[in-house]
Number of protein chains: 2
Amino acid sequence: MAEKRLTRVTSFDVAEAAGVSQSTVSRALAGDPSISAPTRQRVMEAARKLNYQVDENAARLRRGKTGTLAVVMVCRPGQDRKDLNPFYYALLGSTCAAAAARGFEVLVAFQDSPENFWGHYQERRKADGMIVIGTSENTAAWDYFGALPQGSHWVCWGATQDDFPWVRSDNHAGATLATRHMLVRGYRHIVCLGSETSPQRQFKERYDGYAAAMESAGLEPVLQRIERGLPREEQGRRAAVALIESGRPFDAIFGVSDEIALGALKELAGRGLVVPDQIGIVGFDGVRAGAWSTPPLTTVESDFEVAGSLLVDRLLAMISGETATARRVPVRLVVRGSTRP
Amino acid sequence: MAEKRLTRVTSFDVAEAAGVSQSTVSRALAGDPSISAPTRQRVMEAARKLNYQVDENAARLRRGKTGTLAVVMVCRPGQDRKDLNPFYYALLGSTCAAAAARGFEVLVAFQDSPENFWGHYQERRKADGMIVIGTSENTAAWDYFGALPQGSHWVCWGATQDDFPWVRSDNHAGATLATRHMLVRGYRHIVCLGSETSPQRQFKERYDGYAAAMESAGLEPVLQRIERGLPREEQGRRAAVALIESGRPFDAIFGVSDEIALGALKELAGRGLVVPDQIGIVGFDGVRAGAWSTPPLTTVESDFEVAGSLLVDRLLAMISGETATARRVPVRLVVRGSTRP
DNA sequence: TTGTAGGCGTTATCAA
DNA sequence: TTGATAACGCCTACAA
């Protein structure tokens, strides 16, 4: 075999080597059925020998399609990349996997503030469409993406706006699952640490799911509000403090996110309250960190693989003009140690 | 302002609207200084009004450069994306940030086994070069990337091969830092949970750093080997069991990765040993999970921002034929609760 | 300072 | 079944 080198080889070179025309090379390699088997053989052989690879830029220019999807990760302004919620990284990973499985390349960009908001992938022919993943806290980002020109192909995870092309976890079902689990395990005075007014749409949905489960058990739902603008862990910790100081009796906590639940867990443990014996705790997100707490956190986890697939499929449907289907990602309960047996 | 829509607008359209030639448009928008101010004004105005954006495929085809870097994330075969070590996600994030800061787009692909190994970004003109990030465990992947044609521009994080164009944490310094910290805090019988033969080159480097610090303190380094092929946490747990059962006295553990240290921490706690009072523990990686353990894990953290920058700068230097400089990423000690004050 | 023209390497149309 | 040929939209000599 010839030594592999990186000199530019065009389809003309392959054509010459195979003794056919350039267009035949293009067709043979593209799998055009009109090319005869022996010709295809010769072309493939020549291409292999010359180490030929299609110039994607030329191909895309000609085709008018890029075969690429853009994924924009919306972060908090100035936030360190290593502090990004692992949930979003998992979502990024599964989205890339789904795109790759469908034959698309993925362009990734982290964006956090107006200076670097940028969504013109489609106009610049860098991608056929865009997936925006991020926290609803960054309202400036959602305003920006919501104002993209008509005809932009995009879907999102995390926006507050209900008229955006969103995909979300089945928050209601997940919260109900969590609450029922605690009821079954004998907890009665279950308090929800969260918010019904947060821009985080899913927090409201999770509260509603919790409330529904409580009510259908004949119990009164109780919401302990988190303060805005703090790190999640701190929100959870403070809400736990406020709850304790309120004097309201409780024997279980449903945190609308894992980090809120973990913050509360830490606070309770620090005060000598025994989890799960005295107090049960359940979170929502299924991030890895929960597995390391003491006790490990019982939580509701989204099916990440499905999440990535739904985002990609919805986007591809939009691109091809079809009508998309599901937009809710199924969830499951992950029972660990923060609720009693 | 005209309603924004997504119909294709070419530089010819802008030229017509501005009453100049197409090449003038190209130059004006590229910031060519030969274009007069008034002309540039008119062109910019027309471009804005028509919502014109350059077709990057055409531009790249013409230029022969892509302005894009590819990042390949090497995972364990079949591993779920959400189970990928958060360390690598943080590295991915900071690499994307560094690339963006230098004006490059980033193409991301997760690859785990021979069926989907693919590194011909450069030949296909999808990218100007490639950054491969991954665990050294996946030797098949490193064999694949090591066999890329001459002239491929790439750098990597995580490979075993020393002749690869690698960038790494300053493992030796970090391990020394960790060990000295424990010595200063009064621990004497410090055992290293790790391996000097693992394909993970950094494990060996970390052991060496630990051993050097021990020896220069007049103490004997002790290595408790981890078993191969298990999840890191389990490796840590089992090594702790083996250490205890060996009967060898110890009052501190240096785990060559956070997850190994966390596994050991869990095992010790389960046996009623008090961390940090009876036993001190330090890990290596600085992942978020360590902050949630009880007690939170003292660890050595790489400067992720520098890591991303070094990877990108080294690759860009290679592309432009310059000689690259640093390849070691500085580390710092993050003191949390698993070592006594 | 600006315009003309050629070509980057494909894919796709139209003949043969 | 294959070959000529015309775009795709831009950048960049070269000329004016």
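To find a chain, count down the sequence lines: A is the first, B the second, and so on, and within it residues start at 1. These numbers come from the heavy atoms of this one structure, side chains and all, not from hydrogens, waters or symmetry mates.
- Heavy-atom contacts from other residues, nucleotides or ligands closer than 6.0 Å to CD of B:Glu16 number 12 or fewer.
- Atom C1' of nucleotide C:dC8 and atom CG of B:Asn57 are separated by 12 Å, given to the nearest angstrom.
- A donor-acceptor pair under 3.5 Å links the side-chain atoms of A:Ser94 to the main chain of A:Phe304, judged by distance alone.
- Side-chain atoms of A:Asp13 come within 3.5 Å of backbone atoms of A:Thr10 as a donor-acceptor pair (strictly under, hydrogens ignored).
- Protein atom CD of B:Gln22 is 11 Å distant from nucleotide atom C1' of C:dT4, rounded to whole Å.
- Residue A:Ser23 is classed as a base contact, given a heavy-atom separation below 4.0 Å to a base.
- Between C:dG3 and B:Thr24, a contact under 4.0 Å exists linking OP1 or OP2 to a side-chain N or O.
- Helix bend of the helix from C:dT1-D:dA16 to C:dA16-D:dT1: the angle between its two end axes, each built from five pairs, comes to 30° after rounding to 10°.
- Listed pair A:Ser26 / C:dT10 fails the phosphate criterion, with no side-chain N or O lying under 4.0 Å from OP1 or OP2.
- Distance B:Arg62 CZ to C:dT10 P: 16 Å, rounded to the nearest Å.
- The aromatic rings of B:Phe164 and B:Trp154 sit perpendicular to each other, their planes meeting at more than 60°, with 30° as the lower class boundary.
- The salt bridge (charged side-chain N to carboxylate O under 4.0 Å, His left out) check on A:Glu45 picks up A:Arg48, with sequence neighbours excluded.
- Whole-Å rounding puts the B:Arg63 CZ to C:dG6 P distance at 22 Å.
- Near DNA chain D, defined here as any heavy-atom distance below 4.0 Å, the residues from residues 31-41 of chain A are A:Ser34, A:Ile35, A:Ser36, A:Thr39, listed numerically.
- Taking atom CG of residue B:Leu61 and atom P of nucleotide C:dG6, one finds them 18 Å apart after rounding to whole Å.
- Taking atom CZ on B:Arg8 and atom C1' on D:dC10, their separation rounds to 11 Å, with Å as the unit.
- Residue B:Thr10 has no polar side-chain atom (N or O) positioned under 4.0 Å from OP1 or OP2 of D:dG9.
- Between B:Phe87 and B:Trp157, the ring-plane angle classifies as tilted under the 30° and 60° cut-offs.
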